[in-house]
Structures are given as structure tokens and as C-alpha cells.
Q: 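Just passing along the structure, written as C-alpha cells.
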There are 2 protein chains.
Amino acid sequence: MESEQIIIDEEKFIPHLSIDCVIFGFHGEQLKVLLPKVKNLDLWSLPGGYVLKDEDIEKAAQRILEERTGVTDIYLEQFYVFGKANRSTGETLKKILLKNNVKINNTSWVFERFVSIGYYALVDFSKVNTKIGIYDEACEWHDIHQLPNLAFDHAEITQKALETLRFMLDDKLIGLNLLPETFTMKELQILYETILDKPLRRDNFQRKILSMGILERVEKKFTGAAHKAPYLYKFIK
Amino acid sequence: MESEQIIIDEEKFIPHLSIDCVIFGFHGEQLKVLLPKVKNLDLWSLPGGYVLKDEDIEKAAQRILEERTGVTDIYLEQFYVFGKANRSTGETLKKILLKNNVKINNTSWVFERFVSIGYYALVDFSKVNTKIGIYDEACEWHDIHQLPNLAFDHAEITQKALETLRFMLDDKLIGLNLLPETFTMKELQILYETILDKPLRRDNFQRKILSMGILERVEKKFTGAAHKAPYLYKFIK
DNA sequence: TATCATTGTTTCATTATGGAACAATGATAC
DNA sequence: GTATCATTGTTCCATAATGAAACAATGATA
């Protein structure tokens, strides 16, 4: 059987530089991360790729995200550069590319050290239709607290992304990007609790959020449950 | 007259990647930035350089800092990556290298686009003995509010570094790195006011800082002035 | 000894936060 | 219909943090 061979044109990219994206979504009271799975290996990775020689790094991050996960036009924020000389080995990548039938010169820069720029993305879980990138076997959401076996230093990158998210929580109106158009106060609170990984008081949370004047009360949400129906809110533009 | 020619060995470095450092110091009630001056041009730049192929980026930043300014072993923090495709032109660099008698292949990657990692450094102004790097004509401190003509997007990089410094002020114990061993409460307050660019109340500032329990009162400072002598403080290790 | 400039501290009002209780309400069981 | 239940929305009060003003202390000088 002749194998299909996908060839990476190394000349098109800036060598030794890569981008890795941590895509956060929120669903079922859990903070999740979208991860592609390496073909035929028990190995997952952050969606990553290279920067074209005449491409803005921000654009590169968007392109990579779309190629690997199908997610387009989303909130992206650079958060850290991972640049230890020994942070990635060519061996893992060779294993991965072998499983993907990617033909590449064995002496290529892609097997040498990488400096990787970390971006985090915030997406509305309900609007995402993931697609499987050409190098991947699957692309799935994972609870931030139960991550699978991750390649390279991608666990560390994910951790740093989470810490940055926490640090920026008050500053960046993160709910706007992680929640659907309308949501209940409880959903917003659980999102904050999940990111901060600590419980918050219902009354104080509501008071504080409402005092910020960024929410608009829309209507009530009748779920059929035997209790008072909560209001729905949306962010004011 | 035969010119001395310094040759950059492009092969040693990761191409298209650079590091730029914003070095903050505090003196005479002003926040200052240490800038090398390009030889024979009315042009200043941030101390910057390239990353060796097997070098940690953090190490590279330290090395660059030492080569260009003589400053060693200081507090360094990565703050942003500048990666627009059009952020630097080869023309400016050619002008600079020409003035420095640096011989380089005209088709080298150094004249193409760069992705630059920004680091900021905090130093004790009183302990710094700057030296002039081999590519430079001078190396001087400039008030953050009166910057000279800066190359490339270095004004923007400096601005972003300042914003990051502001944002981190409560979190990072910045005074520890910018002030000498001992200092008065007023000096610390002026440092904060200078970074935040807004006045603070004397009484409230003192109360807040002291309540953090990070300062130790050492002795009094007699200046010979006709008023009460202020205490000196130092940071508790 | 009085004066002056500045530093250190206290006091009081205002605002934010922590903690508890109470009121409202939409379904269900009887 | 009425009582019950779970959850949501709100109020109340004590405590902590912050803003603003006044007062007390002190080291030199006149």
C-alpha cells in the first residue's frame, strides 16, 4: 500500500519558531481545553504550527487555530514565550511525523530546538464545530483538571495559560468570550469559580458583578425545575 | 584609512528572532531607561541582539544586556513578543551597520523581518556602571517622559514595557529591584507615583505599604535639613 | 526659645467585603 | 387550592479596607 505523503515546505516558515495555542471553552460546569490527538499514538498536543516568513504572528496563530481545529475569528491573547534550549526534542516530533506520513529532510530545523510563542484563546463552547486537522486523528475537549498525555512541554504551557487567565480575570471581561449570548448569574459565577478554583459567595458575587454595570438583565429562564426561575443576562456592548 | 570590520556570524544565531530589553532605573525622582546610541547617527535603540542556536532565551537576554550595557545579574522579566511582519525594515539596520563598519552579506536574514521578544529589566541605578557596547557610541539614561529618537518600533516596545510594569506593580515588589539597599518612605512613594504617573496620598501610602509587612525600619536619615529626619527602610528578605 | 518644613500618627467618614438571614417564586405533591 | 421544596434575589449588619483631614513629633535655623 502506497502511503500518502504530506510534505512540509520548510522554506516557507521562520525556522526554530513555533506557536502553540491553548483554547479554553466552558461547558457542563467545567473549564475545558481543545486538543488534537496525534495519529496512532497515545499522545495529545496543543494545536501548534509555524509562522510564515511574511506573516504577522497574530495572523499565524489564527491560521493555525483554524487549520487544526476549525475554529475561526476568536478572541486570542499572547501570554508567554517558551524558549529553553532543551524544551523539545526532535525524537518526539519524528515519531509524530512518521505516524502522519509526513516526508521531511532528517536534518531539517524542525527537529532542532524551538522557541514557541504561547497564545490562549477563549471560545463560546456552544458555537464551536471542531474539525480534525490533516495531521490529527481526533480533536476533543478535555477538562483542565484531567488532561491526557501531552507532548513536549505542553502541560507546562497549558498551566501557564491557566495562570494568566486567572491573573487577567478581573481585567479582561473573560466571560464575554467564554459564555453564550445569554446566561444566568449562576453560570457566570460557576465560570469564575472554575477559573479561580475556589468557591465564591453568591450574594457578594452578584452584587459585585452587577455594580460593574456590564450586564443587562434580559428575561427569565424557565427550566421547568421546581424553584424560582433565574434571570438571563447578557453583556452590554 | 582601513576600517576595522566586525563580522556577525549569522550561522550562530536563530534567524529572524531577536530580543530587545527595556532597562528601568530610578534616579532624581525620575523613571529612566538605559539606551545605547547608534554610532554617528541621531538614533538610539533598545539594547538588543540575537539568540544563539543552543541558548535559552532568558540567558540570551542576560548576555545581550551585559554586552551592550555592562549590567550583569539583574532582575529580568519577559513581557511581550512583537511580531508584525512589517515592524522593522532592513534599511534602518543597514544604515546602522554601515556606521559601525559591520560587514555582512546583503542578503542575510538580518535585513528581513524580525520577531522580537521584549524583556524588561529593573536595576538599582546607584550600582550600575554602564559600558559602551562595541556597536555603540554611547549608553545613557533617559527620562521615560523624554525619550530621544528611537529606532524601529522601540518607542512602542518601551511603552508596552511601562504599561506592564504598571500592571505588575502591586504583584511584583518592584521597589526591591529599583531602589538601593535602604531608602526613605518618601523615595518609595515617589517611585510608585512615577511609575503610575499619578499622585498618592502620603498617609494612606505609608499605612498600606507598612501593613504589607515587607519593610523593616532601620535607622534615621539626617540630611541636615530643617525638619524631622525620616526613617530609612529596607526590604525584608 | 520660637519658627519652619517635613515626617509620623490618629481620627473619622466612606466604601467595600464577609456572613447570615429573609423574601420571592415556579414547580410538585397532596 | 394549599403546603412544600429548591433555588434565586435581596436586605441587613459587622468587619475590613480606603479616602480625607487634622494633629503631633522633630531636627535644623533664626
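Order of the sequence lines sets the chain letters (A, B, ...), proteins ahead of strands, with each chain counted from 1. Hydrogens, waters and symmetry mates play no part in the numbers below; they use all other heavy atoms, side chains included.
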Q: Taking only distance into account, with no hydrogens and no angle test, what donor-acceptor pairs under 3.5 Å do side-chain atoms of residues 144-155 of chain B form with protein atoms, sequence neighbours excluded?
A:
{"residue": "B/Asn149", "atom": "ND2", "partner": "B/Asp42", "partner atom": "O", "Å": "3.0"}
{"residue": "B/Asp153", "atom": "OD1", "partner": "B/Arg87", "partner atom": "NH2", "Å": "3.0"}
{"residue": "B/Asp153", "atom": "OD2", "partner": "B/Arg87", "partner atom": "NE", "Å": "2.7"}
{"residue": "B/His154", "atom": "ND1", "partner": "B/Leu46", "partner atom": "N", "Å": "3.0"}

Q: For B/Glu29, give me all partners under side chain to side chain contact (heavy atoms under 4.5 Å, CB included), at least two apart in sequence or on another chain.
A: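 Once residues adjacent in sequence are excluded, the partners of B/Glu29 under the side chain to side chain contact (heavy atoms under 4.5 Å, CB included) criterion are B/Ile190.
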Q: Among all residues two or more places apart in sequence or in another chain, which pass the side chain to side chain contact (heavy atoms under 4.5 Å, CB included) test with B/Lys37?
A: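 Testing B/Lys37 for side chain to side chain contact (heavy atoms under 4.5 Å, CB included), a comparison that skips the adjacent residues, returns B/Trp44, B/Glu137, B/Ala138.
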Q: Over how many whole Å does the gap from B/Ile209 atom CD1 to C/dT9 atom P extend?
A: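 Rounded to the whole Å, the gap is 15 Å.
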Q: Please, which pairs that meet salt bridge (charged side-chain N to carboxylate O under 4.0 Å, His left out) have at least one residue in residues 214-233 of chain B, sequence neighbours excluded?
A: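 Listed by first then second residue: B/Glu187-B/Lys221.
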Q: Expected output is a numbered-order residue list: members of residues 186-207 of chain A with a heavy atom under 4.0 Å from any atom of DNA chain D. What is it?
A: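 The stretch gives A/Lys186, A/Arg202, A/Asp203, A/Gln206, A/Arg207 as the residues lying under 4.0 Å from the strand, ordered by number.
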Q: To the nearest angstrom, how far is B/Lys221 atom NZ from C/dG8 atom C1'?
A: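 It works out to 17 Å between those atoms.
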Q: Please enumerate all residues that pass ring pair (Phe, Tyr, Trp, His ring centres under 6.0 Å) together with A/Phe125, with sequence neighbours excluded.
A: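 Once residues adjacent in sequence are excluded, the partners of A/Phe125 under the ring pair (Phe, Tyr, Trp, His ring centres under 6.0 Å) criterion are A/His27, A/Trp141.
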Q: With 3.5 Å as the limit, what N/O pairs link the protein to nucleotides 25-30 of chain D?
A:
{"residue": "D/dT26", "atom": "O2", "partner": "B/Lys228", "partner atom": "N", "Å": "3.0"}
{"residue": "D/dG27", "atom": "OP1", "partner": "B/Lys220", "partner atom": "NZ", "Å": "2.9"}
{"residue": "D/dG27", "atom": "O4'", "partner": "B/His227", "partner atom": "O", "Å": "3.3"}
{"residue": "D/dG27", "atom": "N2", "partner": "B/Ala226", "partner atom": "O", "Å": "2.1"}
{"residue": "D/dG27", "atom": "N2", "partner": "B/His227", "partner atom": "N", "Å": "3.1"}
{"residue": "D/dG27", "atom": "N3", "partner": "B/His227", "partner atom": "N", "Å": "3.4"}
{"residue": "D/dA28", "atom": "O3'", "partner": "B/Gly224", "partner atom": "O", "Å": "3.3"}

Q: Looking at residues at least two apart in the chain, or sitting in another chain, which of them share a side chain to side chain contact (heavy atoms under 4.5 Å, CB included) with A/Ile214?
A: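 Listed in chain order: A/Leu173, A/Met212, A/Phe235.
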Q: Over how many whole Å does the gap from B/Phe183 atom CZ to C/dT7 atom C1' extend?
A: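 Those two atoms, CZ and C1', are 16 Å apart.
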Q: For DNA chain D, whose closest nucleotide is more 5', that of B/Lys208 or that of A/Leu210?
A: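 The 5'-side residue here is A/Leu210.
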Q: Test of understanding: with salt bridge (Lys or Arg N to Asp or Glu O under 4.0 Å), list the residues that count as partners of A/Lys234, not counting sequence neighbours.
A: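 Salt bridge (Lys or Arg N to Asp or Glu O under 4.0 Å) list for A/Lys234, sorted by chain: empty.
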Q: Are any non-hydrogen side-chain atoms of B/Gln78 and A/Val81 less than 4.5 angstrom apart?
A: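 A side-chain contact exists here, since the closest heavy-atom pair is under 4.5 Å.
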Q: Quick one: list whatever passes side chain to side chain contact (heavy atoms under 4.5 Å, CB included) with B/Leu122, sequence neighbours left out.
A: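 Partners of B/Leu122 under the side chain to side chain contact (heavy atoms under 4.5 Å, CB included) test: B/Phe24, B/Tyr75, B/Tyr120, B/Leu165, B/Ile174, B/Asn177, B/Leu178.
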Q: Enumerate the residue pairs fulfilling side-chain hydrogen bond (donor to acceptor under 3.5 Å, both in side chains) with a member in residues 62-72 of chain A, sequence neighbours excluded, ordered by first and then second residue.
A: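 Those involving residues 62-72 of chain A are A/Glu55-A/Arg63, A/Arg63-A/Glu67, A/Arg68-A/Asp136.
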Q: Using a 3.5 Å limit on both pairing distances, list the dot-bracket string of DNA chain D from the 5' end; Watson-Crick and G-U wobble pairs count, crossing pairs take [ ], interstrand pairs take |.
A: ||||||||||||||||||||||||||||||
